[in-house]
Structures are given as structure tokens and as C-alpha cells.
Amino acid sequence: MQQQSKAWIFVSHSIRDLEAVRRVRNHLEAKGGEPLLFFLKALEKDEELRVLLRREIAERRFFVLCDSANARASRWVQEEVKFVEGFNAAPDLPRSNRKRIARLNIDTDLEAQLPELDRLMTDATVFISYSRRDMPTLRPYIDMLIESDFGVGIDDPANILPGTDWRQYLNVAIRKSAENGWFLIFLSQASTSSDIVQHEVAAFLATGSTKIIPIALEPLPILPPALQNRQVLQFYGNDFQTNSAMLLRALGL
């Protein structure tokens, strides 16, 4: 899989918890994330810092709270938490704009809570199966996912070296995608007739993962047999904004 972007994660924490917070940062990075940790000594005016943090949180989709006695005593951490919770609670906020929040109590056994970070990372990571003929149609949606802080992986058969067993290559890549995130299959006449795309779908379903979203780019007389019992997002006949909102909702936002 060719990585197009990494998942950006805002990490709210107290500077007094740096040792534990570094473990959180390292774990997110090991899973392919880009954690954002702020140490803004240069800003001395409260209002400057407040505006900057709020703007950054508003732009980010994924939020980790490193809760602790120090964090609860930190005015800035509490302002960050209050802002992100208030942001999600806004009555006029479209569902597709809400934040995904993970909470860790880093005063207790952090190791036991790392699966919560793993769940966040799988929610923030997508792998895309497609026909190369459809890339002009797909590109705006890929850009939208990247701008929405998702880690995006794309399989490009052109990266398979001559002489490589492409089925084995894809099996390894698909197994990794099933462990680490969502699998988006963009359906069209071109992709449903592609042996490679059909193998990718079968290989993903064989892993037992349920994090698959079929997306129809055009009307299809019949779905591939492996997907006939799956709910399909229909992108044809809608505008880009409608389709983007549907996709983000399907991804749990």
C-alpha cells in the first residue's frame, strides 16, 4: 500500500505528564499517526494561546485526552476539553463535522489503555481499492479524507515488481489494512471487471473484518457476489458535498 497521508491526532495533556504523554505519542506514531502536542512557551498572552488552540482543535477530527490529576489541575487542558465537548454538542453541528474523542487516564495502567488508541487509529485510517480508470473521479474524495485528517493508503498495482506473486503481495497488504483501518472499495464497471480489485475484496472479507464500505460510482446491473449482502453507498446522482457527508457518516463521524 502506498501511504498518501497519516492520521493527525490532537493530544491534550499537561506538560507535567511528559513521560506518559511521550508513550502515547510513540504509540500513535508506531501505528502510523501524526500526534499533535503543543508546547507553546513563545506565546505569553492568554488570548493568543486560547485562539490558536481553539482554531487548531476546530480543524482537527481526532482528539486524545491524556487525563490525570495534573491535567485536571491544568487550566489549558480543561479549556481544550471544554471546547471540544462544546464543539460536538453544538445543536447545529453537522454529524460529519463532529470530533472522535479518546480518553486515557494516564495516572493508572497506561499499557492496559493502549487498545483505546488502537481503536482510534483504525477509525482514522482508510485503505482504498479502486480501478485506475476511476482515479479522476476518486481524487476529490481522497483529498477530502486527507483534509479531514484521515490516514489514507492506496494500492497501486504499478508498484508490484516484475516477477512478484501479485496475489501473495496483495494478501499481505490487505491483511495489514484489515488490522489497521477501514477498507473502501469504489465500484464501477471498470473495478468490478478487474481481477485485482476482486481479489482485494475477497482477501479483505477473508480476514473477518467488518470495516468495509462499498461505494458505487455508477449504476451497476449486479454487485460482485461477495458484496451482494452489503449496504452500498451510492455516489452517482449526488453532488460532492452530499457524497462526502455520507462517507464521513459511514466512517463513524
Side-chain angles (χ1 to χ4, degrees), residues 5-126 144-152 180-181 244-245 248-249 251-253:
S5 65
K6 292 186 176 182
W8 291 87
I9 315 288
F10 188 100
V11 181
S12 181
H13 65 284
S14 167
I15 196 171
R16 296 182 178 182
D17 294 323
L18 278 185
E19 183 176 349
V21 171
R22 286 193 182 106
R23 291 177 61 194
V24 171
R25 177 202 64 192
N26 293 344
H27 190 80
L28 289 171
E29 289 179 344
K31 292 292 182 177
E34 287 282 9
L36 292 164
L37 291 82
F38 283 83
F39 305 97
L40 300 175
K41 186 177 180 181
L43 291 180
E44 297 179 353
K45 294 182 180 179
D46 284 2
E47 192 55 34
E48 282 185 289
L49 181 54
R50 182 176 292 107
V51 170
L52 177 61
L53 289 174
R54 287 187 175 187
R55 286 178 56 190
E56 189 64 32
I57 293 170
E59 290 296 322
R60 297 302 169 188
R61 188 77 61 169
F62 304 98
F63 185 93
V64 172
L65 169 60
C66 294
D67 194 19
S68 68
N70 289 326
R72 289 187 290 276
S74 167
R75 174 166 60 96
W76 290 115
V77 173
Q78 294 311 301
E79 285 211 14
E80 291 167 0
V81 173
K82 181 179 179 181
F83 180 74
V84 75
E85 289 180 343
F87 189 95
N88 273 0
D92 58 345
L93 178 73
R95 177 182 170 86
S96 59
N97 286 349
R98 72 179 185 178
K99 313 298 183 185
R100 170 74 163 81
I101 304 172
R103 300 171 184 269
L104 307 177
N105 185 345
I106 61 176
D107 282 341
T108 61
D109 182 5
L110 180 57
E111 195 68 28
Q113 299 175 80
L114 293 180
E116 177 66 16
L117 293 181
D118 296 343
R119 285 188 288 271
L120 179 70
M121 282 303 304
T122 59
D123 286 347
T125 305
V126 298
M144 181 275 295
L145 290 168
I146 292 172
E147 290 170 5
S148 297
D149 288 348
F150 282 87
V152 178
N180 295 328
S244 296
L248 291 174
R249 190 178 309 117
L251 290 168
L253 295 172

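The figures that follow rest on heavy atoms only: side chains count, while hydrogens, waters and symmetry mates do not.
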*Sequence neighbours excluded, which residues qualify as side-chain hydrogen bond (donor to acceptor under 3.5 Å, both in side chains) partners of R16?*
none
_Using the side-chain hydrogen bond (donor to acceptor under 3.5 Å, both in side chains) criterion, which residues pair with E19? Sequence neighbours excluded._
none
*So how far is it from R25 CZ to L18 CG, rounded to the nearest 0.5 Å?*
9.0 Å
*Drop me the distance from D149's CG to K99's NZ, to the nearest 0.5 angstrom.*
8.0 Å
Who pairs with [X] by side chain to side chain contact (heavy atoms under 4.5 Å, CB included), at least two apart in sequence or on another chain?
| X | result |
| --- | --- |
| E34 | K6, W8 |
| Q78 | R72 |
| S68 | D17, N70, A71, I106, D107 |

_Polar contact flag, side-chain donor to acceptor under 3.5 angstrom, T108-Q113_ = yes
*Would a 4.5 Å heavy-atom cut-off, applied to side chains only, mark L65 and V11 as touching?*
no
_Heavy-atom side-chain proximity of I101 to V84 below 4.5 angstrom_ = yes
*Going through the distances and angles, do L120 and F62 end up as a side-chain contact (heavy atoms from CB on, under 4.5 Å)?*
CA-CA 8 Å; L120 179 70; F62 304 98; 3.9 Å; yes
*Under the side-chain contact (heavy atoms from CB on, under 4.5 Å) rule, what do L145 and L251 come out as? Steps first, then yes or no, please.*
CA-CA 10 Å; L145 290 168; L251 290 168; 3.8 Å; yes
_The criterion is salt bridge (charged side-chain N to carboxylate O under 4.0 Å, His left out); which residues satisfy it with R22, sequence neighbours excluded?_
none
*Would you check, one step at a time, whether the test side-chain contact (heavy atoms from CB on, under 4.5 Å) holds for L37 with H13?*
CA-CA 8 Å; L37 291 82; H13 65 284; 3.8 Å; yes
*Quick one: sort the F63 and F10 rings into parallel, tilted or perpendicular, breaks at 30° and 60°.*
parallel
_Short N-O contact, R119 and E116, less than 4.0 angstrom_ = yes
